[in-house]
Participant: 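One structure coming up, written as structure tokens, with questions to follow.
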Amino acid sequence: MSEIRTSVEKRRIRGIGVLSIFSAASFIYFGLLNSASEKTTFGFVLDNEWVIMKEWVISSASGSRIFSTLAILASISAILAYRKKIAVTIPASVATFGIFMSFLTWIAAGKFIPLTGLLQGALLLAVPLVFGSMSGLICERSGVINIAIEGQLLASAFVSGVVASLTHKSIWGLIAAPIAGAAISFLLATFAIKFSVDQVILGFVINVLVIGLTNFLYKKLLIPYQSTWNTAPTFEHIKIPILSKIPIIGPILFSQSIVVYLMYVIVAGITFALYKTKWGLRTRAIGEHPTAADTVGIDVNRMRFKNVLIAGLVAGVGGAYFTVGSVGSFGKEMTAGAGFIALAALIFGKWSPIGALMAALLFGFADNLQSTLTIIGVSIPSEFMLMVPYIATIIAVTGLVGRVRAPAADGIPYLRGGAH
Amino acid sequence: MSLELRGITKAFGSLTVNDSIDLKVEAGQIHAILGENGAGKSTLMNIVYGLLKADSGEIFVDGKIQNISEPSDALSAGIGMVHQHFMLIPVFTVAENIVLGHEKIGKFGVLDIESAREAIIRVSKDFGFSVDPDAIVETLPVGIQQKVEIIRALIYEAKVLILDEPTAVLTPQETDELLKTMQELKSKGTAIIFITHKLREVREVADQITIIRRGKVVGLVSPDTSEGELASLMVGREVDLAPEKHKHEIGNPILIAKNLSVRDAMGTEVVKRINFELRAGEVLAVAGVQGNGQSELARAIVNLEDHIEGSLLLDGKEIRGLSIYDSLHAGIAFIPESRELDGLVGSFSIAENLILDLHDQAPYAKGINLSVQVVSEQAEKRVKEFDIRLQSVSDAVSTLSGGNKQKVVIARELSRPIKVLVASQPTRGLDVGSIEFVHERILSERDAGRGVILFSTELEEVLALADRIAVMYRGEIIEIVDSKVSKEELGLLMAGVVKSKAGS
Amino acid sequence: MKNLVSKFGQTAKLPALSFALAFSITGLLIAFSDSKVLAKIGSPIEFIKSGLATIGNAYLALFQGSIFDINLARGNSFFQGFYPLSETIVTATPLILTGLSVALAFRSGLFNIGAQGQFIFGAIGASYVGFHFNLPTVIHILFAALAGIVLAAIWGGIVGILKAKTGAHEVILTIMMNYIAGYFILWILKTKPFLRPGRIDPIAPEVGLSARLPLLAGENLRIHAGIFIALASALFVWWLLAKTTIGFKFRAVGANSQAARTAGISVPFVVTSTMAICGGLAGLGGAVHVMGSAHALNTDVAGSFGFDAITVALLGRAQPLGTVFAALLFGALRAGGRTMQSNTGTPLDIVLVTQALIVLFIAAPTFVRFIFRLKKLSSSASLTSKGWNG
């Protein structure tokens, strides 16, 4: 039989190959060539959770060797699994974990790594990304490209900050934010659906508009009248009984502000709704083949409009996180490109809610790792660490993780009867 | 239930596509609408189904006037439709597609798919279909996809069923099956509107035939009208269905395919180790039901496909693996399946489209400089030679009619020195006049000693033009036969039944 | 002749209305965010009066800051009154080049959001050559510009190659590349070769005098020869698109890549070379900015030249001449916006709002017709990019 490898197989082979080379390289570089005599310390305790192990101290060199050996073994089992045509996900993830830990043990020689803190920070940095990518998800599964996530986040951050400041209640900020997000969505939906403006261009223009508007109002109102306009209170952290006591994950996941809990609910809700309900079936239908949906009696443009507004509500909660969910007061252009990273997470996650969630967490982790390493003072310039999420996205979209397929009708205005 | 249309009129801009059309179909009756491509049949049906709005005219259901402005109005009035381009979501399962638009909600707001699965199995049993409710639609053959559409109409109890060109994608055998299903539905009291341009089918099943030409009803006749009469009503003049073919010498093999395979992006083999020899001065027609690998084979000859294996010799030289540019300039003319998508750049002028392939060669280019002057001069010549009807060669090509667009494609492809012409569905969607022109051109290339490989799903076209016929089925050429083969035999081959095996 | 006039009237009508709409909305925003105006909300007449006065003052300052300032003319010399116009052109010069970069990409069917990153690399290249070498003046300028062009063309070309090889969408790629370039310049300004002697903050040494573009109107006005480079580049882009086989390929792929491919045009070639040329154009923008007015590299050297480029190209409908006019307009808004900020306290950022609104209305002719209840005359082709799968 002639063995002809398809592009999917080729990509898998390439992936396993890269992983094996990295495992070996990390063993040599982080393990064998590691001349550091110091020890690396990992901290596991964040709060008052039940403690299993407070911290773990290991010599940098031998720690790196142990983890990279693990990576090599996992790579070998990935190769074997591939040969036997078994799924390679688990060994591949173990190998990635091994390489990463080997790197961490190497770079943090003589330093203290707060492992739980690292993870908690990652989650917090991921929160707005998750909300943003869910907003993008709802729009794009319905067939409307949403580049305006950045604008939705920024506008709702501004509004929630201002409303919470004026009312002195953070909850009003949280209520106002989704409305602001939906207002931006209304703009997007009106021009994209009613006036058929190109959606990529439109999203871009909306972002410029929101940046200009919030900067203008920030300088005109928020700076001169800071005490009334820009002193938003923030939410208290709520500890969930028992759950927050679970070692390691308890304080990370269950000792958070209400916005984070809302995130859990919204991601779970969207996942359920998209695949298990009438709304989800119709949403996926209008994003894939709107004409077919129309012929069974679904009002495509009306539903798209509605979904874009819902997406705005979701992004709005994410916007609130920037102000009342964390620091309180609004800062100029404080979303700093989170909307674009959210978009990348959506694509990286192949337009699925769980995928986007994972990608957002990964980006949050890379971001936090960078700041942690900068704080403990390692030799890699922080700028290169900051590039990681962006490089990761480029790797993702160029196909190392598999060809991504957007909803078939994404970005195409629906006009009945074609282009007459 | 009966459906009646009175005075339906619809215009797109200055073009009237439906001109006060009347039509009546009763319960338990099959009413055929016969007309050429572009006669306005699909527009009419889209109006009945609520996808388009008529400028004037009324629709009556059971004698009562019915306002249909949305597909949901048609559905609730008991009108179901099997569309020419299937209205199924490719990434959904059969059951999900059936449920869409008619969702039932179960516990906790969860969608109820189960009852639809049961209904699919029940209806499939009643009509002898084998449809798996959990299959993803895009993985199913077109014949089955069509059955899914029919099942949907049946489950939601359509009393009037519109079938828009349903046989275009079917083998003759599958067509017979469909006609049988139609008879069955008719006996159960369904009113059927059957749209087609195929005479044989009409005469076989229809109770009444309405003939439409250029948006007007030109006749309401009974099915015992002769084929010739139907054809001349449809076209408006006497038509010679078969073009004249001169006898002449057939030369040496010019294009030889050896174990040629094509894979799609997912790695599936869509063309499987094909062998053929095309000789100079012959038309080799590749027949088969749409979707059996013909498109991919045609594209593979000019290296448009990404994963090609095996060997392809043009005049003794290997051309597999060449760039598209080099393949074209090695002496292959290629008429792609879709004029609009693959043949022409719509917003470019006619002159520019005529040199899409030659723009960087003399006399059009000197170095990297493009001579706009020469381009338009040459365009004028081609326009005369190929009788392209236009106002100016600097107009956008998208302003031309379908037939003239195809002439632009053909004029361009024949302006290079060529050895082989590859024509993929060259007459799809054209009016009769243009079809005749294309046929004449193909035959004149043959007579000039070029090898012509013609891909067509139209049996009449294949039989009229071919010297030999290769039949493709599931990616393989299962037989190459003489052009004197009968329609029935060809039909069996297209369904994958090889003669030697047929007997056993 | 009459016909011609009325035809021009028809084509200019929609853009004119779009501008009017955008400036009206911006005006309302200025009035309603002014505390002095809001204080008079009790009496409608006073309120409208002071509102109009505020808007009038703001727009007067915008004009004074972008075209001609009578106060400056009264002082030293009449000529000095054109200082604002000089500022407008200085701001517009890099914008023309980045705008052309985005416009050319549009014509090949690509949405180049990456002009910002390409600009940064152009600036880095020109800056390094500018301060590191000592060369005769014309050669030094050419060498520095070339360094900027080449670096940026490589940076843009990477996107082209990645898209051509893997089909990844250029919008995502260029957004990511912008961030990477942004961090790269932060890093490189901390490295030894780029640290200005005696300084510890991230600012590079000034480019040598021999690498500076000559001033056109004396020492007091900043206008420099970069404008001629920008105009020549616009001419180059026009020639490339209209008169060459390469431009033919670009336009064919931009209009229908599938048909272009079927006719033997290599889409990967077009994608890669377009992105490289676009990179080069934006990079030249960075180089001109450094050699003409900025003189030294700092963390914010790119400002928003790359992002504004997108609005410029959209407003210019991806035509070279249109892009030049659009860049001049936005340059004027920017320069005037600064004066408006200092004279009337209206933040410069309002200019962003105006820009966004203008482009939004230009991109949505049906909306403008809807607002002004105009009948549809003829459908003009509008710019579109493709969805993720295209």
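By convention in this document, chain letters (A, B, ...) are assigned in the order of the sequence lines, proteins followed by strands, and residues within each chain are numbered from 1. Please read these numbers as outputs of a predicted model, since none were measured by experiment.
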Participant: Would a 4.5 Å heavy-atom cut-off, applied to side chains only, mark B:Glu380 and B:Glu377 as touching?
Facilitator: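 No, every pair of side-chain atoms sits at 4.5 Å or beyond.
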
Participant: Look at B:Val372, B:Leu328, B:Asn353 and state which one has the largest set of heavy-atom pairs under 4.5 Å with chain C.
Facilitator: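 Ranked by heavy-atom pairs under 4.5 Å with chain C, first place is B:Leu328.
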
Participant: Between B:Arg263 and B:Glu309, does any side-chain N to carboxylate O distance fall below 4.0 Å?
Facilitator: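 Salt bridge flag = yes for B:Glu309 with B:Arg263.
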
Participant: Go through B:Tyr364, B:Phe348, B:Tyr325 and name the one with the most non-hydrogen pairs under 4.5 angstrom from chain C.
Facilitator: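 Most pairs with chain C among the choices: B:Phe348.
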
Participant: Looking at B:Leu341, B:Asn303, B:Leu358, B:Asp326, which has the largest count of heavy-atom pairs under 4.5 Å with chain C?
Facilitator: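 Among the listed options, the one with the most contacts to chain C is B:Leu341.
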
Participant: Taking atom types as modelled, is there a side-chain donor on B:Ser311 or B:Glu318 under 3.5 Å from an acceptor on the other?
Facilitator: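 Per modelled atom types, B:Ser311 and B:Glu318 side chains form a pair under 3.5 Å.
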
Participant: Below 4.5 Å, heavy-atom pairs only: which of C:Ile265, C:Ile246, C:Thr244 has the largest tally toward chain B?
Facilitator: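 Winner by heavy-atom pair count: C:Thr244.
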
Participant: Between B:His329, B:His359, B:Glu340, who has the most heavy-atom pairs with chain C when the cutoff is under 4.5 Å?
Facilitator: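 Of B:His329, B:His359, B:Glu340, B:His359 has the most heavy-atom pairs under 4.5 Å with chain C.
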
Participant: Verify the neighbour count for atom CZ of C:Phe325: are there more than 12 heavy atoms of other residues, nucleotides or ligands below 6.0 Å?
Facilitator: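 It does not: C:Phe325 CZ has 12 such atoms or fewer within range.
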
Participant: Mind ranking B:Ile368, B:Asp357, B:Ile324 by heavy-atom pairs under 4.5 Å with chain C and telling me who comes out on top?
Facilitator: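 The answer is B:Ile368.
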
Participant: Against chain B, work out which of C:Ala242, C:Gly247, C:Ala252 has the most heavy-atom pairs shorter than 4.5 Å and name it.
Facilitator: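 Most heavy-atom pairs within the cutoff with chain B belong to C:Ala252.
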
Participant: Going by an N to O cut-off under 4.0 Å, is there a salt bridge joining B:Asp360 and C:Lys249?
Facilitator: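 So B:Asp360 pairs with C:Lys249 through a salt bridge.
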
Participant: Using non-hydrogen atoms and a 4.5 Å limit, figure out which bit of B:Ile355 sits close to chain C: side chain, backbone, both or neither.
Facilitator: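 Its backbone and side chain both get close to chain C.
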
Participant: Which bit of B:Arg299 is near chain C, if near means a heavy-atom gap under 4.5 Å: side chain, backbone, both or neither?
Facilitator: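 Contact with chain C involves the side chain of B:Arg299 alone.
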
Participant: Any salt bridge between C:Arg251 and B:Glu352, counting N to O under 4.0 Å?
Facilitator: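 Yes.
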
Participant: Less than 4.5 Å to any heavy atom of chain C: does that hold for the side chain of B:Val302, its backbone, both, or neither?
Facilitator: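 Interface part for B:Val302: neither.
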
Participant: Mark yes or no: C:Arg373 above the aromatic ring of C:Phe370, with NZ or CZ under 6.0 Å from the six-membered ring centre and no more than 45 degrees from the axis.
Facilitator: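 The answer is yes; both the distance and angle limits are met.
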
Participant: Can a side-chain donor-acceptor contact be found between C:Gln118 and C:Asn112 if the only test is distance below 3.5 angstrom?
Facilitator: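 Side-chain D/A pair, C:Asn112 to C:Gln118: present.
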
Participant: Please flag which part of B:Leu344 lies under 4.5 Å from any non-hydrogen atom of chain C: side chain, backbone, both or neither.
Facilitator: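 Contact with chain C: backbone only.
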
Participant: Let me know if B:Ser323 has heavy atoms under 4.5 Å from chain C in its side chain, its backbone, both or neither.
Facilitator: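 Neither part.
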
